[in-house]
Amino acid sequence: MRWSRALIPTHKEDPSHAETVSHKLMLRAGLIRRLTSGVYNYLPLGWRVVRKVEAIVREEMDRIGCQELLMPVISPSELWQETGRWNVYGKELWRVHDRNGREFALGPTHEEVITDIVRNEVRSYRQLPFTLYQIQTKFRDEIRPRFGVVRAREFIMKDAYSFHENDDSLSVTYDAMYDAYCRIFDRCELDYRPVEAATGAIGGSASHEFMVLCDTGESEVIVCECGYAATDERAEGLIATVMPPEEPLSAEPVDTPGMKTIEDVSLFLGMEPWRLIKTIVYVADGEPVVALIRGDRDVNEEKLAGLLGASMIEAAPPAVVEKVTGAPVGFAGPIGLSGVKLMVDNSVEPLVNAVVGGNAVDVHIRNVTPGRDFSVDGYCDIARIGKGDLCCKCGKTLDSFRGIEVSQVFKLGTKYSDSMKATFLNENGKAMPFVMGCYGLGVSRTVAAIIEQHSDEYGIMWPMSVAPFEVEILAVKFKNEKVREASEQLYDELRAAGMDVLLDDRHDSPGVKFKDADLIGVPVRVTIGERGLKEGTLEIKMRRTGEQRDVAIEEATAEIVKIVEEARA
RNA sequence: CGGGGCGUGGCGCAGCCCGGUUAGCGCGCCUGCUUUGGGAGCAGGAAGUCGGAGGUUCGAAUCCUCUCGCCCCGACCA
């Protein structure tokens, strides 16, 4: 490509509304342009990178025997009704209707559609297992689009779905997919960690997320030196006890006028927050549930939902709280509750002489001891675990890091095949539900993640494997006949050798070209100018290492081809 | 959705509090000449219904009301 003919609109200044490195650089280097909130145009340079990432994904999917197909973006609501996700998915599901008022979803993921295909086309266990995938534009009406392409409402995703006779077969594919993802992210030269994950709206029994390490990432990962790693939504752990040994005293009510929060009550009574027991009313799949946890900790709603087997959970609205506790929000406590399930976190067990809500206006109860003053069926782990807590595997202190979630894999089991009645005949002629796995990978997000990890103050530093161009020929003073001839010749030779080459043939000053070259981050820069030509040389400079050297013109093509081929993943 | 902020040529901003000629500045863009190894110089030029609607006023980018859009912080997820 000749720069003079290319649409590569670079900017000198940072865009005003971008915060993160990748967002700024994608805009400045002319990779993307925003169309509206969370929706982006991929300009030619950005699209080239997307295509390179896609190519790597395709190679690795095909390597493990997956087949590519393409499903529609639009799918009818009926399919989503079958699995219940038309309701469960919530506002994030982007809904549209046709001229007859019939409702459709813009696909956020395609379990329903793929299951529909397979239930119609696959009859026998002899056809199993297999894996189908597509690379396609997805839609999620995110509450808050953010960080450019990292959290967009329209984005590019690779989604794969595997179908099996049984769990063992699923595990084989799951592991193969896990390995394929490692190869993909290795080839993108990302520093990443696979971690245990919660299953969320997609569902299923086991899941991992691949996290790219990045301080501005939206996800928090809890890690232990023993190797345990999980998202903060998923992480299990132990909360260190801070309760000193104490003689239990008799429970008694105490006036707490207007004190509705843990902070209020602890200040008012002059007690540390951990001496309080936080009582929170939730509604899980329509049923009220009460959760108890130590006052200085938060409930992990994903874990709570998991233990309850609920698909939807949310904090109860005030009316429900009043109905359950008999008091307005702020005075809920476990004593005297009836007809409602009580979920008590492990952190509550060691407490003695704790403070709880009195289930009456402006009243709390102190000197409460769990098990004595209210009955507990059993303790469970519903706490949000964080840095400083103790590892559930080895007991050591946990650490954390932030990351960008670039992919997530799930063992779905029969969640979708059951609800959609997707079955095959096993060797005994019996109809069995398909055992399924699904495997998502955010392609456009991966591009942003690569930039987060590969840039400096001057711009992007692409890994060779995904660079929009592998070589940029920077012609200083393109007007000069000798410069032009040498540049054109090298350009032709490199292209003939199969290189992706960008020739900066613009008549701009050298400074502009050097700055732009650094900004768009092509890995190999070849500078051709009068100065070098006098000596019969040109300069090769590596964007990432800064390493540069002069090479004789006759040897240049071979030398550059060698550099590029060695660096290709 | 709650909280905070912002909408002024393509980009980045000033002007707004305290209303008053042709709405400025930097970058970019066009023409010409000179220049060309790290964002060149000179000369000339094009480009803005000041997000939109309504109102107050002799007069509104500026004040008031409504509205739309965008960004940031929290609850969702690849």
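Sequence lines set the chain letters: A, B, ... in the order given, protein chains first and strands last, and positions in each chain run from 1.
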Could you measure between the two [atom1] atoms, the one in [N] and the one in [M], and give it in whole Å?
{"N": "B:rA23", "M": "B:rG51", "atom1": "P", "answer": "15 Å"}
{"N": "B:rU65", "M": "B:rC27", "atom1": "C1'", "answer": "37 Å"}
{"N": "B:rA14", "M": "B:rG9", "atom1": "P", "answer": "13 Å"}
{"N": "B:rG55", "M": "B:rA61", "atom1": "P", "answer": "15 Å"}
{"N": "B:rG26", "M": "B:rC42", "atom1": "P", "answer": "11 Å"}
{"N": "B:rG44", "M": "B:rG5", "atom1": "C1'", "answer": "41 Å"}
{"N": "B:rC13", "M": "B:rG74", "atom1": "P", "answer": "23 Å"}
{"N": "B:rC71", "M": "B:rC29", "atom1": "C1'", "answer": "28 Å"}

Can you tell me the Watson-Crick or wobble partner of [N], both distances under 3.5 angstrom?
{"N": "B:rG28", "result": "none"}
{"N": "B:rC33", "result": "B:rG41"}
{"N": "B:rA46", "result": "none"}
{"N": "B:rC1", "result": "B:rG74"}
{"N": "B:rC63", "result": "B:rG55"}
{"N": "B:rA14", "result": "none"}
{"N": "B:rG7", "result": "B:rC68"}

Charged N to carboxylate O under 4.0 angstrom, [X] versus [Y]?
{"X": "A:Glu481", "Y": "A:Arg484", "answer": "no"}
{"X": "A:Glu488", "Y": "A:Arg2", "answer": "yes"}
{"X": "A:Asp215", "Y": "A:Arg402", "answer": "no"}
{"X": "A:Arg234", "Y": "A:Glu209", "answer": "no"}
{"X": "A:Glu103", "Y": "A:Arg95", "answer": "no"}
{"X": "A:Arg384", "Y": "A:Asp232", "answer": "yes"}

What nucleotide among [options] has an atom nearest to a side-chain atom of [X]?
{"X": "A:His17", "options": "B:rA78, B:rC71, B:rU36", "value": "B:rC71"}
{"X": "A:Lys479", "options": "B:rG12, B:rC77, B:rU36", "value": "B:rU36"}
{"X": "A:Thr36", "options": "B:rG39, B:rG37, B:rC70", "value": "B:rC70"}

What is the distance, to the nearest angstrom, from the [atom1] atom on [X] to the [atom2] atom on [N]?
{"X": "A:Arg151", "N": "B:rC73", "atom1": "CZ", "atom2": "C1'", "answer": "14 Å"}
{"X": "A:Asp232", "N": "B:rC77", "atom1": "CG", "atom2": "C1'", "answer": "12 Å"}
{"X": "A:Arg384", "N": "B:rA75", "atom1": "CZ", "atom2": "C1'", "answer": "10 Å"}
{"X": "A:Glu220", "N": "B:rA75", "atom1": "CD", "atom2": "P", "answer": "11 Å"}
{"X": "A:Ile143", "N": "B:rC71", "atom1": "CD1", "atom2": "C1'", "answer": "17 Å"}
{"X": "A:Glu13", "N": "B:rC25", "atom1": "CD", "atom2": "C1'", "answer": "12 Å"}
{"X": "A:Tyr192", "N": "B:rA78", "atom1": "OH", "atom2": "C1'", "answer": "17 Å"}
{"X": "A:Leu106", "N": "B:rA78", "atom1": "CG", "atom2": "P", "answer": "18 Å"}

Is [X] touching bases, backbone alone, or none of the nucleic acid, heavy atoms closer than 4.0 Å?
{"X": "A:Val406", "answer": "sugar-phosphate"}
{"X": "A:Arg525", "answer": "base"}
{"X": "A:Arg34", "answer": "sugar-phosphate"}
{"X": "A:Phe147", "answer": "sugar-phosphate"}
{"X": "A:Arg28", "answer": "base"}
{"X": "A:Ala152", "answer": "base"}
{"X": "A:Ser509", "answer": "base"}
{"X": "A:Leu441", "answer": "nothing"}
{"X": "A:Glu539", "answer": "base"}
{"X": "A:Asn480", "answer": "nothing"}
{"X": "A:Asp518", "answer": "base"}
{"X": "A:Val150", "answer": "base"}
{"X": "A:Thr446", "answer": "nothing"}
{"X": "A:Glu142", "answer": "base"}

Nearest 0.5 Å, what's the CZ-OG distance between A:Arg543 and A:Ser455?
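It is 8.5 Å, given to the nearest 0.5 Å.
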If you go through the side-chain atoms of A:Arg140, does one of them form a donor-acceptor pair with the base of B:rC77 closer than 3.5 Å?
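Counting by modelled atom types and ignoring angles, no donor-acceptor contact under 3.5 Å is found here.
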Does a donor on one side chain and an acceptor on the other come within less than 3.5 Å for A:Glu189 and A:Ser465?
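Looking only at side-chain atoms, A:Ser465 and A:Glu189 do not form any donor-acceptor pair under 3.5 Å.
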Go through the side-chain N and O atoms of A:Thr137 and A:Glu154 and say whether any donor and acceptor fall under 3.5 Å apart.
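Note: A:Thr137 and A:Glu154 side chains miss the donor-acceptor criterion.
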Distances for protein N/O vs nucleotides 42-46 of chain B N/O pairs under 3.5 angstrom?
none

Using side-chain hydrogen bond (donor to acceptor under 3.5 Å, both in side chains) as the criterion, point out the one residue from A:Tyr133, A:Tyr439, A:Tyr174 that pairs with A:Ser162.
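Considering A:Tyr133, A:Tyr439, A:Tyr174, a side-chain hydrogen bond (donor to acceptor under 3.5 Å, both in side chains) with A:Ser162 is found only for A:Tyr439.
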Which pair of heavy atoms, one from A:Ser400 and one from A:Glu220, lies closest together, and at what distance?
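That would be OG-OE2, 3.1 Å.
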Indicate whether A:Phe155 forms a stack on B:rA78; treat it as stacked only if centroid distance is below 5.5 angstrom and interplanar angle below 30 degrees.
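Yes, aromatic ring over the base.
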